[in-house]
Amino acid sequence: MRYGICPLSVVPMRKDDSHQSELVSELLFNDIYEVIEDNSEWLKIRCSYDSYEGWIRKLQYREISDNEYDAYLNKEKFFINSPFTIYKSSILSFGSIVSERISDSIPMRNIFDPKIMVESAMKLLNIPYRWGGKSIMGIDCSAFVQLCAKVAGYQLARDASQQVNQGKIIRLNDAQAGDLAFFENDNHNITHVGILLSNDRIIHASGLTRIDFIDKKG
């Protein structure tokens, strides 16, 4: 098995091995992954954090050894906890990983803290929406929720349709700050997710990251 680590602030992951292909997600600085397919210009990868798959350009690939990969998994990590920061001459976006404590970082947690979830979400207000995006340059609804949960100590899947299968179902009236609200279309497919600030307010990425009122109708 071949492994890689993201050496850049952001690396696009595409559905297929083409510049014209749909953006499905992004790697952030120090994200690690497995290489599962190789061609002349592109690599298909599987992210170690959430097992999400996509294609990246070989030019943006930095290989690491099996031993380096295993060591990295067990290494102490810190997440960037501000919209962005400057680290070693690079601009790092919220949720990026560094291996040392810096002023704009928070230690990786093993216990979920809903207060940190909400505080993190509020820091990302007004970031533009971008399908497949995962950075301050543009973020989609499920990446927004996943990153806030990651910093707060809870590991969520990448897409809303996957995230809905985690946790437990509660009524809106019983919801608390930090809980998630999911939305479905007429075919009962999950198409959107946001973070509840209370049982009548939600912060979510829709056009931009914003706060709206919510009730049983949506």
Side-chain angles (χ1 to χ4, degrees), residues 1-13 23-36 38 43-124 127 132-140 142-158 163 166 178:
M1 181 64 71
R2 294 166 59 193
Y3 299 101
I5 189 167
C6 180
L8 304 173
S9 300
V10 182
V11 168
M13 292 175 58
L23 183 72
V24 292
S25 191
E26 293 176 317
L27 295 173
L28 299 181
F29 184 72
N30 274 344
D31 280 343
I32 57 174
Y33 51 87
E34 303 172 15
V35 176
I36 57 177
D38 187 348
L43 296 172
K44 188 174 186 180
I45 65 166
R46 180 184 296 120
C47 297
S48 298
Y49 182 77
D50 56 15
S51 298
Y52 210 70
E53 297 181 2
W55 290 85
I56 66 169
R57 293 192 70 194
K58 274 189 176 179
L59 291 174
Q60 297 170 320
Y61 168 57
R62 178 180 291 173
E63 186 172 9
I64 56 175
S65 67
D66 294 14
N67 290 337
E68 288 173 319
Y69 180 86
D70 292 338
Y72 186 84
L73 290 176
N74 297 313
K75 192 175 184 179
E76 185 176 16
K77 301 177 186 65
F78 301 87
F79 296 126
I80 300 303
N81 193 33
S82 61
F84 71 93
T85 194
I86 306 296
Y87 177 74
K88 296 183 178 179
S89 301
S90 294
I91 300 174
L92 302 189
S93 187
F94 177 89
S96 299
I97 301 167
V98 291
S99 57
E100 59 185 315
R101 184 69 180 264
I102 61 175
S103 58
D104 291 331
S105 70
I106 186 171
M108 179 176 152
R109 297 179 55 84
N110 295 317
I111 300 175
F112 176 63
D113 187 336
K115 181 180 178 182
I116 295 177
M117 177 87 157
V118 171
E119 289 174 351
S120 297
M122 295 298 292
K123 292 177 182 180
L124 301 181
I127 290 177
K134 206 172 181 178
S135 76
I136 59 165
M137 299 304 294
I139 197 167
D140 65 27
S142 56
F144 167 66
V145 170
Q146 185 194 46
L147 287 174
C148 291
K150 180 171 76 169
V151 170
Y154 193 95
Q155 188 169 346
L156 279 175
R158 174 60 177 85
Q163 294 170 355
Q166 299 178 243

Just wondering, are more than 12 heavy atoms of other shown residues or ligands nearer than 6.0 Å to NZ in K58? yes
Distance from D31 atom CG to I45 atom CD1, nearest 0.5 Å? 8.5 Å
With side-chain contact (heavy atoms from CB on, under 4.5 Å) as the criterion, how do Y154 and Q166 come out once you've worked through the C-alpha distance, each side chain's angles and the decisive distance to 0.1 Å? CA-CA 11 Å; Y154 193 95; Q166 299 178 243; 3.8 Å; yes
What distance do S142 atom OG and Y52 atom OH have between them, rounded to the nearest 0.5 Å? 7.0 Å
Nearest non-hydrogen partners of N30 and V98, listed with the distance: ND2-CA, 4.1 Å
In this structure, CD1 of I139 is separated from CD of E26 (nearest 0.5 Å) by 9.0 Å
Does the S120 side chain pair with the main chain of I116, one donor and one acceptor, at a distance under 3.5 Å? yes
Greater than 12 external heavy atoms within 6.0 Å of R62's CZ: no
Step by step, would you call S96 with Y87 a side-chain hydrogen bond (donor to acceptor under 3.5 Å, both in side chains)? CA-CA 11 Å; S96 299; Y87 177 74; over 6 Å; no
Please check: side-chain N/O of E68 versus main-chain N/O of Y3, any donor-acceptor pairing under 3.5 Å? no
CD1 of I64: more than 12 outside heavy atoms within 6.0 angstrom? yes
Test the K150-Y49 pair against the cation-pi criterion, namely NZ or CZ under 6.0 angstrom from the six-membered ring centroid and within 45° of the ring axis. yes
Heavy-atom pair with the smallest gap, counting every atom of L27 and C6: CB-SG, 3.9 Å
Trace of the side-chain contact (heavy atoms from CB on, under 4.5 Å) decision for V10 with L28: CA-CA 5 Å; V10 182; L28 299 181; 4.1 Å; yes
Does any N or O in the side chain of E34 come within less than 3.5 Å of the main-chain N or O of M1, such that one atom is a donor and the other an acceptor? no
Flag yes if more than 12 heavy atoms outside I86 fall under 6.0 Å of its CD1 atom; otherwise flag no. yes
Parallel, tilted or perpendicular: which one describes the rings of Y33 and Y61, with boundaries at 30° and 60°? tilted
Rounded to the nearest 0.5 Å, how far does CE of M137 lie from CD1 of I127? 10.0 Å
Within 45° cone and under 6.0 Å: K77 NZ/CZ vs Y72 ring: yes
Does the D113 side chain pair with the main chain of A152, one donor and one acceptor, at a distance under 3.5 Å? no
Looking at L147, I106, T85, which one forms a side-chain contact (heavy atoms from CB on, under 4.5 Å) with I80? T85
Straight-line distance of M13 CE to K44 NZ, nearest 0.5 Å: 10.0 Å
